[in-house]
Student: 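If you scroll down you'll find the structure; I have some questions about it.
Just so you know, ligand 1 is whichever comes first in the structure, and atom 1 is the first atom listed for that ligand.
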Amino acid sequence: MKIETVCVHGAKDPNNLTGAVAVPVYQSATYAHPGVGASTGYDYSRVQNPTREALERLVAKLENGREGLAFASGMAAMDAVMGLLNPKDRMVATSDLYGGSVRLFNVLAERNGLAVEYTDTNDRELLRETLAPDTRAVFVETPSNPMMNVTDIRMVREVAGPEVTLIVDNTFLTPCLQRPLELGADIVIHSGTKYLSGHNDTMCGFAVTDNPEFAEKLRFITKTVGTGLSPFDSFLAIRGLKTLHLRIKRAEENAMAAALWLRKHPKVKKVHYPGLPEHPGHLLSKTQSSGFGAMISFEVDAPETAVKVLENVRLILYAESLGGTETLVTYPLVQTHADVPEERRLALGITDRLLRLSLGIENTLDILSDLENALG
Ligand SMILES: Cc1ncc(COP(=O)(O)O)c(C=O)c1O
């Protein structure tokens, strides 16, 4: 099945007895046993639930992985994956990352002595220098949040070697445009709150892997701490995923139009979008992704212009998220990246003049005209 068909049919239950076309919400906390020592396959919903299981089947197929796990949020997925590392392990991470990931790594550094070194993971030499003989994992976000830097996943696999666990956050591109497991990653992570559920109404997260040992440990963590996704949110995510391929393509068209339009605006100094030919990751993106996605960041001429845009958008919403049907504008400085230390934020280019746009699926001209009014 091609990926568009998987989006629509991939959650189907092979043992469906009722003919229900939509996967039902199994709103049951516990399951009766047919006999002593016997099980229907379900015992208690913290461990597994049929609706969550259908969603996990679907996301694993989309990422072309053996096993998928659905969590209550992207951060819950990330925390579970970090649970595969041991206290005092070393990890190398992309320097430009979602601020919540940096916060989690800082907490783990304090609590477990996890040593996280940040570097430009797309710079072969820097990456080589940063890797140490006892580095256990490399964590890559590509394109990165919010500077849209692209990392060559195949190159990281080659430089890090087979012993290092390569974890890729694929939130920005989705499996419709990029499948990191096929490029050498061991684990793919998603904030499913974004494109996968897609309607700004559900929090969820995913981890997908081909490695049975990782999958077993992740299942043990979910069973133990109870961070698996609820039945109703699993249902909403399945529903959202049915149209993922359509939404991401439509949003990408809007992103390309907005990037080209912003590039010409006198108050816009720089546009970061891998779809633009001048973007440093443009050619690389073409070799590892089938699209450029629908996220853009751009620098305006002054902090006052940034504030003006945030306060004057009407159709576009000033809100902290991405990947939904609605176009959102975010101010990374005070929202997504507020917890990143100032010195590091500035070195990355996350200034008081940087705005991030997540293009939705509205009419292109309506979006451009809202941007025009807001920029003035
Ligand atoms: C790239 C990326 N990864 C992970 C997360 C965390 O996901 P969640 O908000 O679903 O916990 C986010 C949230 O914005 C994100 O942008």
Student: For ligand 1, indicate whether the residue Glu141 contacts it via side chain, backbone, both or neither (heavy-atom separation under 4.0 Å).
Tutor: side chain

Student: For the pair Tyr42 and Tyr31, name the ring-plane relationship: parallel under 30°, tilted 30 to 60°, perpendicular over 60°.
Tutor: tilted

Student: Just by distance, with hydrogens left out, do Arg356 and Asn145 show a side-chain donor and acceptor under 3.5 Å apart?
Tutor: yes

Student: Just which atoms of ligand 1 are under 4.0 Å from any heavy atom in Gly74?
Tutor: 7 (O), 8 (P), 10 (O), 11 (O)

Student: Other residues, nucleotides and ligands only: do more than 12 of their heavy atoms fall within 6.0 Å of NZ on Lys223?
Tutor: no

Student: Using a 6.0 Å distance limit plus a 45 degree cone around the ring axis, check whether Arg344 lies over the aromatic ring of Tyr118.
Tutor: yes

Student: Give the atoms of ligand 1, by number and element, whose distance to some non-hydrogen atom of Asn145 is under 4.0 Å.
Tutor: 16 (O)

Student: For the residue pair Trp261 and His265, categorise the inter-ring angle as parallel (less than 30°), tilted (30 to 60°) or perpendicular (more than 60°).
Tutor: tilted

Student: Do we see a donor-acceptor contact under 3.5 Å between the side chains of Asn149 and Asp96?
Tutor: yes

Student: Does an N or O from Asp169, backbone or side chain, lie closer than 3.5 Å to an N or O of ligand 1?
Tutor: yes

Student: Within ligand 1, which atoms have a heavy atom of Ser73 less than 4.0 Å away?
Tutor: 10 (O), 11 (O)

Student: Is it the case that ligand 1 has an N or O less than 3.5 angstrom from some N or O of Met203?
Tutor: no

Student: One residue to check: Cys204. Relative to ligand 1, which of side chain, backbone, both or neither has a non-hydrogen atom less than 4.0 Å away?
Tutor: backbone

Student: Could you identify the single nearest non-hydrogen protein atom to atom 15 (C) of ligand 1 and state the distance to 0.1 Å?
Tutor: Tyr98 CG, 3.6 Å

Student: Any idea which protein heavy atom is nearest atom 9 (O) of ligand 1, and the distance to it?
Tutor: Lys194 NZ, 3.7 Å

Student: Considering heavy atoms of the protein only, find what lies nearest to atom 11 (O) of ligand 1 and give residue, atom and distance to 0.1 Å.
Tutor: Met75 N, 2.9 Å

Student: Just checking Phe105 against Phe139, ring centres under 6.0 Å apart?
Tutor: yes

Student: Would you say Leu322 touches ligand 1, if touching means a heavy atom closer than 4.0 Å?
Tutor: yes

Student: What is the distance from atom OG1 of Thr165 to atom CG of Leu85, rounded to the nearest 0.5 Å?
Tutor: 7.0 Å

Student: Look at ligand 1 and say whether Glu320 reaches it with a heavy atom at a distance under 4.0 Å.
Tutor: no

